[in-house]
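A quick note: this is a predicted structure, and the numbers were derived from the prediction, not measured. In this chain, residues are counted from 1 in sequence order.
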Amino acid sequence: MDTQKNEDLLRVYHNFKQLFFYNFSIDQSAKYMNESIMAYGTHVDERVNNIEDFNHVLRLQREQSDGLELQITEIPVLSKTLSGEEAHLFVEELQLQMKVDGEYITLPLRLTTVLEYKDKRWTITHFHGSNPQGNEGDEDTWHANKLKEENERLEKVVMERTNELNVSLENLKSTQTQLIHAEKMASLGELTAGIAHEIQNPLNFVNNFSDVSAELIDEMNEEIDKQDFEEVKAINADLKDNLIKINHHGKRADAIVKGMLEHSRTNSGERVSTDLNAQAEEFLRLSYHGIRAKDKHFNSNFKLDLDPTLPNANVIPQDFGRVLLNLINNAFYAVSERCKTDKENYQPVVIVSTKYLSAQDNKTIVISIKDNGNGIPENIKEKIFQPFFTTKPTGSGTGLGLSLAYDIVKAHGGELKVESQEGNGTEFSISIPFGHKL
């Protein structure tokens, strides 16, 4: 049993005895007693079926003991955890010493108490007062049987509830898996929209230079027919320049497609040396074009401030790409939301920066994504990394993006932090120890 749960158990049991024997206020009984508490005294007719009965017994006991000098000695007999830590049994021998008419009378009593753990709190569900072993009356066997029945009932209830929790947990895991997949697909969709726009530029260059080159070949053939070989050489030089440009932009398109395939590929868990400056630049452009594809009216400035001394980092590129894309998407979303309400004198901007902190004993790579959007309200700042928490409208987000980003950064031995001031924007920073053994 964990420390906090055990401390709560001992506190509730102690306060129950204070309530029963040491004049705690009766109105505190609801803090420690189950509403449907069942209890038996040392005689068959002493029974409690609910908390109202218990309070009534307490009042009678205090009336009967008014004026008595009562001293109690507690001798622990048994402390046992039941039903997988969801119930607990205490047995104690009590020596009650009372002064009656100037003489002390000692009354031996065995107190058997059952507590149940439900809704993260312990409550008394059953107690049984009886004579200690060797002093039992005929009725004591009857009480013991009732206690046994109650213990069996508690174990059955706990088992049923445990089975229900297991079913709920499996359903939750299934739903969570589906939502994580949905989050990844949403990320892939945004990436694809950005790629569609980003890849259009090199394709336009390839098409244009191909058309121009075809025309140059026709011109070159004409000059060959005229025997003007100096002009043929000039056209040939232009044609070579065009082919170099076609090759350059073709490779650019190829790199974009490979980046998309890397992002969508099933995670192998393999960490490789990765240029995070290149990733930051790539995903900033792709994120911007992806949002522009969904909202033609959206426009924003974006800036790169990349540290040229930044070394390659040993990361899982697909996972780290998802982190960057999610944080940059959130930054553009933040400035786009502010644009809707603050149209005058507002210039939206998203800044992505990298820095290499090369202190002797603490080499760290820091990546920052900063926006000048509406900022995060103070009352929800602590919740943003919780799974399924989102401030976006229904259907616009699963609430898993930041949670997954946080987990991925942690898995890389780093930290994901946020600084935000409502009305003045937000900055997310990723810190990764350089040379961290993953």
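- Expressed to the nearest 0.5 Å, how far CD1 of Ile224 lies from CD of Glu231 amounts to 11.5 Å.
- The backbone N or O of Asn15 sits nowhere less than 3.5 Å from a side-chain atom of Lys31 that would complete a donor-acceptor pair.
- When ring centroids are compared, Phe320 and Phe283 stay outside the 6.0 Å threshold.
- Listed for the Ser420 side chain is a donor-acceptor partner under 3.5 Å among the backbone atoms of Gly425.
- Phe298 and Phe332 have perpendicular rings, their planes meeting at more than 60° on a 0 to 90° scale where under 30° would count as parallel.
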Practice task
Take Tyr346 and Cys339 through the test side-chain contact (heavy atoms from CB on, under 4.5 Å) and record every step on the way to the result.
Solution key: CA-CA 7 Å; Tyr346 173 61; Cys339 283; 3.7 Å; yes

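- With 3.5 Å as the limit, one finds no donor-acceptor pair spanning the side chains of Asp307 and Thr354.
- Within the 4.5 Å cutoff, side-chain heavy atoms of Val409 are placed close to those of Val323.
- For Glu52, the CD atom counts as densely surrounded, since its 6.0 Å shell holds more than 12 non-hydrogen atoms of other residues, nucleotides or ligands.
- Residue Lys5 qualifies as enclosed at atom NZ: its count of foreign heavy atoms under 6.0 Å is above 12.
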Problem - Pair Thr112-Leu89, side-chain contact (heavy atoms from CB on, under 4.5 Å): steps then yes or no - result: CA-CA 7 Å; Thr112 303; Leu89 171 68; 3.6 Å; yes

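- Salt-bridge annotation for Arg322 and Asp319: present, with a side-chain N of the basic residue lying under 4.0 Å from a carboxylate O of the acidic one.
- Looking at Ser358 and Thr364, their side chains never come closer than 4.5 Å, going by heavy atoms from C-beta outward.
- Partners of Tyr356 according to the ring-ring contact (aromatic ring centres under 6.0 Å, His included) rule, which considers only residues two or more places apart in sequence or in another chain, are Phe434.
- The closest side-chain heavy-atom distance from Leu19 to Leu58 is below 4.5 Å.
- Put simply, the residue from Leu327, Asp407, Val418 that forms a side chain to side chain contact (heavy atoms under 4.5 Å, CB included) with Leu402 is Leu327.
- For the ring pair (Phe, Tyr, Trp, His ring centres under 6.0 Å) condition, no pair includes a residue of residues 228-247, sequence neighbours left out.
- Distance alone, capped at 3.5 Å, places no donor-acceptor pair between the Ser210 side chain and the Asn208 backbone.
- In plain terms, the two heavy atoms of Asn314 and His412 that are nearest each other are O-CD2, 4.4 Å.
- For the side-chain hydrogen bond (donor to acceptor under 3.5 Å, both in side chains) with Gln4, the qualifying choice from Asp8, Asp2, Asn6 is Asp8, the only one to do so.
- Within the 3.5 Å criterion, the main-chain N or O of Val232 finds no donor-acceptor partner in the side chain of Asn236.
- Between Ile75 atom CD1 and Thr73 atom OG1 the span is 7.0 Å, to the nearest 0.5 Å.
- Residues Asn299 and Tyr288 have side chains that bring a donor and an acceptor to within less than 3.5 angstrom of each other.
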Practice task
List the steps, then state whether side-chain contact (heavy atoms from CB on, under 4.5 Å) holds for Ile124 with Thr113.
Solution key: CA-CA 7 Å; Ile124 311 293; Thr113 309; 3.8 Å; yes

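- In terms of heavy atoms, Val335 sits closest to Gly373 at CG1-N, 3.9 Å.
- One distance of note links CD1 of Ile367 with CD1 of Ile430; it measures 5.0 Å at 0.5 Å rounding.
- Atom CD of Glu282 is separated from atom OG of Ser287 by 12.0 Å, given to the nearest 0.5 angstrom.
- Nearest heavy-atom pair, Glu85 versus Tyr117, reported as atom, atom and distance to 0.1 Å: O-CB, 4.3 Å.
- A donor-acceptor pair is defined here as one N or O able to donate and one able to accept, closer than 3.5 Å; no such pair exists between the side chain of Asn374 and the backbone of Glu422.
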Exercise for the section: Please lay out, stage by stage, how Tyr406 and Phe428 fare under the test ring-ring contact (aromatic ring centres under 6.0 Å, His included). Expected result: CA-CA 11 Å; Tyr406 185 87; Phe428 284 91; over 10 Å; no

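- Atom NZ of Lys381 sits in a crowded spot, with more than 12 heavy atoms from other residues, nucleotides or ligands closer than 6.0 Å.
- The heavy-atom pair separating Glu427 from Ser368 by the smallest distance is OE2-OG, 2.5 Å.
- For the residue pair Asn50 and Ser36, no side-chain donor N or O sits within less than 3.5 Å of a side-chain acceptor on the partner.
- Rounding to the nearest 0.5 Å places CG of Asn221 at 11.0 Å from CG of Leu216.
- With sequence neighbours excluded, the residues that form a side chain to side chain donor-acceptor pair (under 3.5 Å) with Tyr13 are Glu92.
- Looking at residues two or more places apart in sequence or on another chain, you find a side chain to side chain contact (heavy atoms under 4.5 Å, CB included) between Asn247 and Lys251.
- At distances below 3.5 Å, at least one donor-acceptor pair connects side-chain atoms of Arg338 with backbone N or O atoms of Gly423.
- Atoms OG and CD1, on Ser213 and Ile235 in that order, are 12.0 Å from each other to the nearest 0.5 Å.
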Side-chain atoms of residues 158-166: list all donor-acceptor pairs with protein atoms under 3.5 Å, sequence neighbours left out, distances to 0.1 Å.
unit_1	atom_1	unit_2	atom_2	d
Arg161	NH1	Glu116	OE2	2.7
Thr162	OG1	Val158	O	2.7
Asn163	ND2	Met159	O	3.3
Asn166	ND2	Thr162	O	3.4

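- Looking at Asn312 and Ser273, their side chains do bring a donor and an acceptor atom within 3.5 Å of each other.
- Across all their heavy atoms, Pro317 and Thr274 have their closest contact at CB-OG1, 4.0 Å.
- Using cut-offs of 30° and 60° for the angle between ring planes, the His88 and Trp122 rings count as perpendicular.
- Counting heavy atoms from C-beta on, the side chains of Phe127 and Leu111 come closer than 4.5 Å.
- Distance alone, capped at 3.5 Å, places no donor-acceptor pair between the Asp228 side chain and the Glu223 backbone.
- Ion pairing between a basic and an acidic side chain is recognised when a charged N comes within 4.0 Å of a carboxylate O; Glu281 and Arg285 show such pairing.
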Practice task
Report the C-alpha distance between Lys355 and Leu357 in whole Å, list the side-chain angles of each, state the deciding distance to 0.1 Å, and finish with yes or no for side-chain contact (heavy atoms from CB on, under 4.5 Å).
Solution key: CA-CA 6 Å; Lys355 185 177 290 186; Leu357 306 178; 3.5 Å; yes

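- With a 4.5 Å cut-off on side-chain heavy atoms, Val315 and Leu276 count as touching.
- The shortest distance between side-chain heavy atoms of Ile37 and Thr125 does not fall below 4.5 Å.
- Put simply, the side chain of Ser29 gets close to the backbone of Ile26: a donor and an acceptor are under 3.5 Å apart.
- Not counting sequence neighbours, Lys80 has no partner by the salt bridge (Lys or Arg N to Asp or Glu O under 4.0 Å) test.
- Minimum interatomic distance between Ile328 and Ala280 (heavy atoms only, all atoms of both residues): CD1-O, 4.4 Å.
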